[in-house]
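Reviewing the structure listed below.
Values in this document were obtained by computation on a predicted structure and should not be read as measured data. Each chain gets a letter, A, B and so on, in the order its sequence line appears, and its residues count up from 1.
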There are 2 protein chains.
Amino acid sequence: MADQYPSRSDCPINYALESFGDKWTLLIIRDLMFNAKQSFGELLTSPEKISTNILTDRLKSLEATGIISREVCADNRSKCVYSLTAKGRDLLPIMLEITQWSARHYKDVSTPAAFLKRLDEDKAGVIRQIKAMWDDQQKP
Amino acid sequence: MADQYPSRSDCPINYALESFGDKWTLLIIRDLMFNAKQSFGELLTSPEKISTNILTDRLKSLEATGIISREVCADNRSKCVYSLTAKGRDLLPIMLEITQWSARHYKDVSTPAAFLKRLDEDKAGVIRQIKAMWDDQQKP
DNA sequence: CTGTATCCTTAGGGATACTG
DNA sequence: CAGTATCCCTAAGGATACAG
């Protein structure tokens, strides 16, 4: 974030890093993608405890790079719904590979009963996500 | 890196972020994986211009988390060779997905003739890498 | 050449108060 | 509740000098 432009290089890996290569952005994407969160308050409740100013900043960056969209609720003006755009949903394969890599190697540092539980939750989210993409394709 | 422990959460995405979720680590992995670099000096030459203190720090972190290994040259004591461990090579699918995501969306921000060239270079590297993994499997 | 160490600036980010 | 703004501190990191 922040230093979106100018880019340090035109490398694809570097482009990705400049899009979501910080300690928080991918966690927000995770929550939108797998944990069915869509409001500011819901995003605040993650175990990693993001603070309000950082969340505001990252949501703006993500919107600026076209990874999420923000919609004001019709019924409640002071309520917003955040959701992944097509570009954001397209991060799914990356998220899956990362999850699987961690599943393969997390044991190196600790034994994670809770982690396996988490992974199961993520898998449930993946199904939800894939269904959403499928639904999306059914639209005109 | 830095804050390796304690971890913010036991989420797999968070584990990955704490392993390589900063602005530089993935670039080093890229160079080891796709660009056939293996020495400190070679790693310094990337277009993103990493500085020596940061490179030193990240190489140590990567070694600590078991993603790379460091070997002192037998013939030249003041020369080291850095290479990916199995855990590091296992990042290949993530790297490929990231590269492909960027290839699909980089146009959103600029038109990248040089980028396509880079991508071609990466593809060549991928072939090299896959061959290396294959060779690895042939060993006892 | 392979790093390490130091100096110094800026960005990241926690805590918290505040507004609609 | 949904954010914004401020205060302040720490970590990230650039530049550069230096050591083996």
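Contact annotation: B:Lys60 reaches the phosphate of C:dT4 (side-chain N/O to OP1 or OP2, under 4.0 Å). The phosphate of D:dA2 has neither OP1 nor OP2 within less than 4.0 Å of any side-chain N or O from A:Thr56. Here A:Lys79 reaches the OP1 or OP2 of D:dA2: one of its side-chain N or O atoms lies under 4.0 Å away. The side chain of A:Arg70 contributes an N or O atom lying less than 4.0 Å from OP1 or OP2 of D:dG3.
Between the CD1 atom of A:Ile28 and the P atom of C:dG13 there is a distance of 11 Å, rounded to whole Å. In this structure, A:Leu44 places its CG atom 15 Å from P of C:dG13, rounding to the nearest Å. For the pair B:Tyr82 OH and C:dC1 C1', the interatomic distance rounds to 12 Å; values are reported in whole Å. For the pair A:Phe20 CZ and C:dG12 P, the computed distance is 17 Å after rounding to whole Å. Atom CG of A:Leu55 is separated from atom C1' of D:dA2 by 10 Å (rounded to the nearest Å). Atom-to-atom, NZ of B:Lys23 to P of C:dG12 comes out at 8 Å; the value is rounded to the nearest Å. One interatomic measurement links the two molecules: CD of A:Glu63 to P of D:dA2, which rounds to 16 Å at whole-angstrom precision. Atom CZ in B:Phe40 sits about 14 Å away from atom C1' in D:dG20, given to the nearest Å.
Ring orientation note: the planes of A:Trp101 and B:Tyr15 are close to parallel, at an angle under 30° on the 30°/60° scale.
A:Asn53 and A:Thr56 share no donor-acceptor pair across their side chains, judged by distance under 3.5 Å alone. One side chain, A:Ser83 or A:Ser69, offers a donor N or O that lies under 3.5 Å from an acceptor on the other. Side chains of B:Lys87 and B:Thr65: no donor on one and acceptor on the other come within 3.5 Å.
The pair B:Arg58-B:Asp22 meets the salt-bridge criterion, with a side-chain N (NZ, NE, NH1 or NH2) lying under 4.0 Å from an Asp/Glu carboxylate O.
For B:Arg58, counting side-chain heavy atoms from C-beta on, the closest listed nucleotide (C:dT2, D:dG3, D:dG13) is D:dG13.
Using a 4.5 Å heavy-atom threshold, the side chains of A:Glu63 and A:Leu59 count as separate.
Panel note: side chain B:Asp31, backbone B:Lys37; no donor-acceptor pair is recorded below 3.5 Å. Of the possible polar contacts, none joining the A:Lys79 side chain to the A:Val72 backbone as a donor-acceptor pair under 3.5 Å is found.
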How does protein contact run along nucleotides 14-20 of chain C, one letter per nucleotide 5' to 3', with B for base contact, S for sugar-phosphate only, - for none, heavy atoms under 4.0 Å?
BBB----

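For residues 40-52 of chain B, the pairs satisfying salt bridge (Lys or Arg N to Asp or Glu O under 4.0 Å) are B:Arg30-B:Glu48, with sequence neighbours left out.
Axis angle across the helix from C:dC1-D:dG20 to C:dG20-D:dC1, with five pairs used at each end and values rounded to 10°: 30°.
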